[in-house]
Each structure stands twice: as C-alpha cells, then as structure tokens.
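One structure is given here, and the rest of the page talks about it.
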Amino acid sequence: MKSLCVLSTMIYFAGLIGLLLFLTAEARIGNSSESAFCTETKECLLYDLVCKTDSYEVRHYEAAKWVTTNEKSVVLEKAMYTAFMRVFKYINGSNSNGVNIDMTAPVIIKIDQTKKIWQSSVYTLSFLLPSEYQVDPPQPTDDKVYFTDLPDMNVYARTYGGYLMSFTNSYNSIQLKKQLDKVQATYIEDSYYAVGYDSPKKMLHRHNEVWYVADGAPVCPSPF
Ligand SMILES: *[C@@H]1O[C@H](CO)[C@@H](O)[C@H](O)[C@H]1NC(C)=O
Ligand SMILES: *[C@@H]1O[C@H](CO)[C@@H](O)[C@H](O)[C@H]1NC(C)=O
C-alpha cells in the first residue's frame, strides 16, 4: 500500500516536472553570468535543474547545434588534444566565411562504452556553437569537422574539480553509474559524456562533469 502511494506520488511529480519543462521550453544558450561555473567564455549552455541528490543532478537541456569531430584512440588525452585542436581551428577562422567564432562552454566528449579498456575507442568531441551561429553556421573547411544536433534531453550529471583526465573521468563515470544503478535509473549505457568548462590555464575552482543521458522519465529523489 505504501509503495503504491510512493509510486503514484512519483508519477504525479514526473507529470508536474514534464509540465514545467513544457512551459519553460526555449533556447538555452546564454550569457555565462547566468551560470555558476562558466567563467571563461561569453556564452554557455544553460539548463533547467529538474532535481538534485547528494550524488547527482538531473538536468534538462534544450536541443542545440554543436561543431564536432571524432578521433579514435586508446587514451582519452591523445584523442582529446587532437580533436580539440581540429575543432578549435574551425572557430579560429578555418571555415567558409573565414570568421572567428567565440569559444563557448562546455566542451563535451562522447565516450563509447562498448569497448574494453585496452581497445581503442572513438571519442567524439564537440564545441557548442554560440547563439548567433546556431541556425546558419559557416561550413568547416576540414572534412573531419561536422555539425551535430543534440536533441532536447535529460541528463544525469555528476560534478568534480581538478583536471579532466582519463583517470578522473573514468572514476567519476563509474561512481555516477553506481548511483544510477542503485536507484534503478534508466539511461543510455552505450556511451556517456566527459564535460569540461575550463581552459588549462585556469588553476582554481575548476569544474568538470560526467553525464549519462536519461532514457525515459528521470529518477528523482522522493520529496519526502
Ligand atoms: C552578460 O551579463 C552581464 C551581467 O549581467 C552583462 O554585463 C553583459 O553585458 C552580458 N553580456 C552579454 C554578451 O550579453
Ligand atoms: C588562430 O588563427 C591565428 C590567425 O590566423 C593564427 O595566427 C593562430 O596560429 C591560430 N591558432 C591556432 C591554435 O591554430
């Protein structure tokens, strides 16, 4: 009886959250002053916080266009460097209009989870296009650089400080996965995102995240 009551309360809250998200849907690439951890770029990807536990946040992101490349490697660091420089060239004038495009935050790296640790995997790195280039960005001159439209999505996010490296990233992704499995959350398991907000020159209060994309209604803590 009690579990039925909790369940119906959960369904009620899920519906309420769905309604709130529907009412607030709008483009969410905005002034970094609206974010506590975007400190080095003019614009960053904003989101609506759906709920929060001690170990993760559920966030809702609007659909957005990103500029992307992918790189196969055994280690994250190597792929990250090569891919970052390739996309950086695109915003640094290597595009059909020869324009400089502002850097944004975060930089996201989609990591394929279907490979064993010693096998090389594909790392897909993306920069968020600033709001003025969301609709009609200039074409990349490098054919390894392309655009990606990420859909409207809910993500489970875990935050950590320091530098984004293979070790810190996989440690935090494993911790997040454990927490999600504990609450029986459903999420896309084939891949996750390593998310960075800071340039290497920032020394203090660095902010990184790992994201798993929710599959179906996100599991939020009980309000009681
Ligand atoms: C961002 O917000 C700050 C503070 O509210 C403001 O001074 C600045 O002009 C804004 N920047 C842009 C690009 O809108
Ligand atoms: C960015 O573009 C400028 C001007 O073309 C160039 O001098 C600089 O080396 C480029 N930076 C990178 C990292 O490619």
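Note that ligands are numbered from 1 as they come in the structure, with each ligand's atoms numbered from 1 the same way.
The structure places CE of M103 at 7.5 Å from OG1 of T41, a figure rounded to the nearest 0.5 Å.
Considering backbone and side-chain N/O of N92, one or more are found under 3.5 Å from N/O of ligand 2.
Between Y56 and Y156, the distance separating the two ring centers is shorter than 6.0 angstrom. Taking the six-membered ring for Trp and the full ring otherwise, the centers of F84 and F127 sit less than 6.0 Å from each other. For Y61 and W211, the ring centers are positioned less than 6.0 Å apart.
Listed for the N97 side chain is no donor-acceptor partner under 3.5 Å among the backbone atoms of V99.
Close approach to M85 involves these atoms of ligand 2, each under 4.0 Å from a residue heavy atom: 13 (C).
Under the 4.0 angstrom criterion, atom 1 (C) of ligand 2 counts as having a protein heavy-atom contact. In this structure, atom 11 (N) of ligand 2 has a protein heavy-atom contact shorter than 4.0 Å. Contact annotation for atom 5 (O) of ligand 2: protein absent (non-hydrogen atoms, distance under 4.0 Å).
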